[in-house]
Amino acid sequence: METKQEPILEVKNLSIQFGGLKAVDDVNFKVNRGEIVSIIGPNGAGKTTVFNMLTGVYQPTNGQIFFKGEEIQGKTPQNIVKAGMARTFQNIRLFCDMRVIQNVLLGMHTNTDYNFFDLVFHTPKYRKLEREKQQKAVDILKFLDLDRYLHDYPTNLPYGDQRKVEIARAIATDAQLLLLDEPAAGMNPEESEELLSFIRSLVTKGFTIVLIEHDMNLVMNISDRIYVIDHGRKIAEGLPQEIATNKDVIVAYLGEEEEEDQLEEVEHA
């Protein structure tokens, strides 16, 4: 008998209001472990605002967010990261004056187990934990086939690999759920194709992915399920093929209903 899979993330009636503007209005969705779920919609639809609520940057006006079965709305971003959820951003946010391994090490600061005394006096506990963190950073970069860049500065890396280093830093937080905000932004088709394979490989390594993305080719080829938001409201959900031919989605993107040729255009975009 098939058992119902428990979602790692479940959002119920999520809303947020800024003054008189409802930026997100009664949005519901869930993500099961091991899935790649995409959240798409036109510019200004409210996608990044949803990510900001999931990660504690914004506090919802209404609604509930369950992560691994526990409510997390109202928690600080640091505590949400500690719980196992981490994100990347649309604009690359690496520290260019720090080497790649140092950028990855920054992802571990929320799980530091030594105190101020240990830090100031470099106690044996501090030295031991710092050695372990260094090795963990090396292991993560090897895990993602980025260890050749250990001591390089991020600006010396190809653009696509800079994106991967951002994901490596998120993984360094001990995240189980990765929220990727437009990871293909600024990439050429070859880089996007490589990113697609990279994200798929993360799932085989035990991660769950929630993706905001405008690259429809990537979205349609990588997603297990897709949710579509427009003007802050969820207007559709389903499998990629269902979303590609959904008239409400096409209207949201193109502004008016189109005939068969434009349905096909969206499907293969």
Side-chain angles (χ1 to χ4, degrees), residues 9 11-18 20-32 35-55 58 60 63 87-92 159-160 163 178-200 208-269:
L9 177 69
V11 170
K12 296 182 177 180
N13 309 114
L14 194 65
S15 302
I16 190 168
Q17 189 161 335
F18 301 105
L21 173 67
K22 246 187 180 177
V24 174
D25 187 8
D26 201 35
V27 167
N28 295 270
F29 66 89
K30 68 178 181 177
V31 180
N32 295 320
E35 282 191 313
I36 300 175
V37 172
S38 291
I39 301 174
I40 67 171
N43 288 330
K47 305 181 297 297
T48 296
T49 303
V50 169
F51 265 26
N52 285 337
M53 287 189 284
L54 295 179
T55 53
Y58 296 157
R87 71 176 293 181
T88 65
F89 295 85
Q90 180 179 352
N91 299 316
I92 290 178
Y159 185 79
R163 288 283 184 188
L178 300 174
L179 309 180
L180 308 183
D181 192 347
E182 296 197 36
M187 290 188 178
N188 61 41
E190 183 178 344
E191 289 170 330
S192 294
E193 192 66 30
E194 185 179 342
L195 178 70
L196 187 151
S197 298
F198 178 75
I199 293 173
R200 279 182 179 150
T208 303
I209 309 290
V210 181
L211 190 72
I212 291 174
E213 187 52 68
H214 283 291
D215 184 334
M216 296 304 292
N217 180 63
L218 187 146
V219 167
M220 293 298 169
N221 281 287
I222 203 172
S223 305
D224 294 305
R225 292 182 298 110
I226 300 172
Y227 293 94
V228 188
I229 297 175
D230 187 31
H231 294 100
R233 294 189 65 87
K234 185 179 73 176
I235 62 169
E237 64 179 274
L239 302 175
Q241 179 63 25
E242 295 169 337
I243 296 300
T245 56
N246 183 298
K247 288 195 174 184
D248 289 336
V249 176
I250 295 168
V251 169
Y253 272 94
L254 301 181
E256 59 182 10
E257 293 192 35
E258 302 291 344
E259 299 297 328
E260 282 290 324
D261 58 337
Q262 291 193 325
L263 282 170
E264 186 175 342
E265 181 181 328
V266 172
E267 182 178 352
H268 295 95

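Put simply, the side chain of Phe29 reaches to within 4.5 Å of the side chain of Leu9, judged on heavy atoms. Looking at His214 and Asn43, their side chains come closer than 4.5 Å, going by heavy atoms from C-beta outward. The side-chain heavy atoms of Asn188 and Tyr159, taken from C-beta on, include no pair separated by under 4.5 Å. By the 4.5 Å heavy-atom criterion applied to side chains, Val219 and Ile243 are not counted as neighbours. With a 4.5 Å cut-off on side-chain heavy atoms, Leu195 and Pro183 count as touching. Here the side chains of Asp248 and Val228 are not in contact, with every heavy-atom distance at 4.5 Å or above. Looking at Asn246 and Ile235, their side chains never come closer than 4.5 Å, going by heavy atoms from C-beta outward. The closest side-chain heavy-atom distance from Asn13 to Asn28 is below 4.5 Å.
Evaluated for a side chain to side chain contact (heavy atoms under 4.5 Å, CB included) with Ile209, the options Leu180, Leu179, Ile222 yield exactly one hit, Leu180.
Here the closest heavy-atom approach between residue Phe51 and residue Ile39 is recorded as CE1-CD1, 4.4 Å. Among all heavy-atom pairs drawn from Ser223 and Pro240, the shortest one is O-CG, 3.3 Å. Between Thr208 and Asn32 the shortest heavy-atom distance is CG2-O, 3.4 Å. Heavy atoms only, all atoms of each residue included: Ile36 and Ile199 are closest at CD1-CG2, 4.1 Å. Shortest non-hydrogen contact noted between Ile229 and Pro42 is O-CD, 3.6 Å.
Looking at Glu213, its side chain does come within 3.5 Å of a backbone N or O of Ala184 through a donor-acceptor pair. A distance-only check finds no donor-acceptor pair linking the side chain of Asp224 to the backbone of Val37 [under 3.5 Å]. Side chain of Arg225 to backbone of Lys30: a donor-acceptor contact under 3.5 angstrom is found.
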Ile212/Arg87 under side chain to side chain contact (heavy atoms under 4.5 Å, CB included): CA gap, chis, key distance, verdict: CA-CA 11 Å; Ile212 291 174; Arg87 71 176 293 181; over 6 Å; no
CA sep, side-chain torsions, deciding dist, call: Arg163, Glu191, side chain to side chain contact (heavy atoms under 4.5 Å, CB included): CA-CA 10 Å; Arg163 288 283 184 188; Glu191 289 170 330; over 6 Å; no
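Residues satisfying the side chain to side chain contact (heavy atoms under 4.5 Å, CB included) criterion with Glu242, sequence neighbours excluded, are Leu239. For Ser15, the side chain to side chain contact (heavy atoms under 4.5 Å, CB included) partners at least two apart in sequence or on another chain are Asp25, Asp26, Asn62. By the side chain to side chain contact (heavy atoms under 4.5 Å, CB included) test, Glu237 pairs with Tyr227, Lys234, sequence neighbours left out.
Within a 6.0 Å sphere centred on NE2 of His231, other residues, nucleotides and ligands contribute 12 heavy atoms or fewer.
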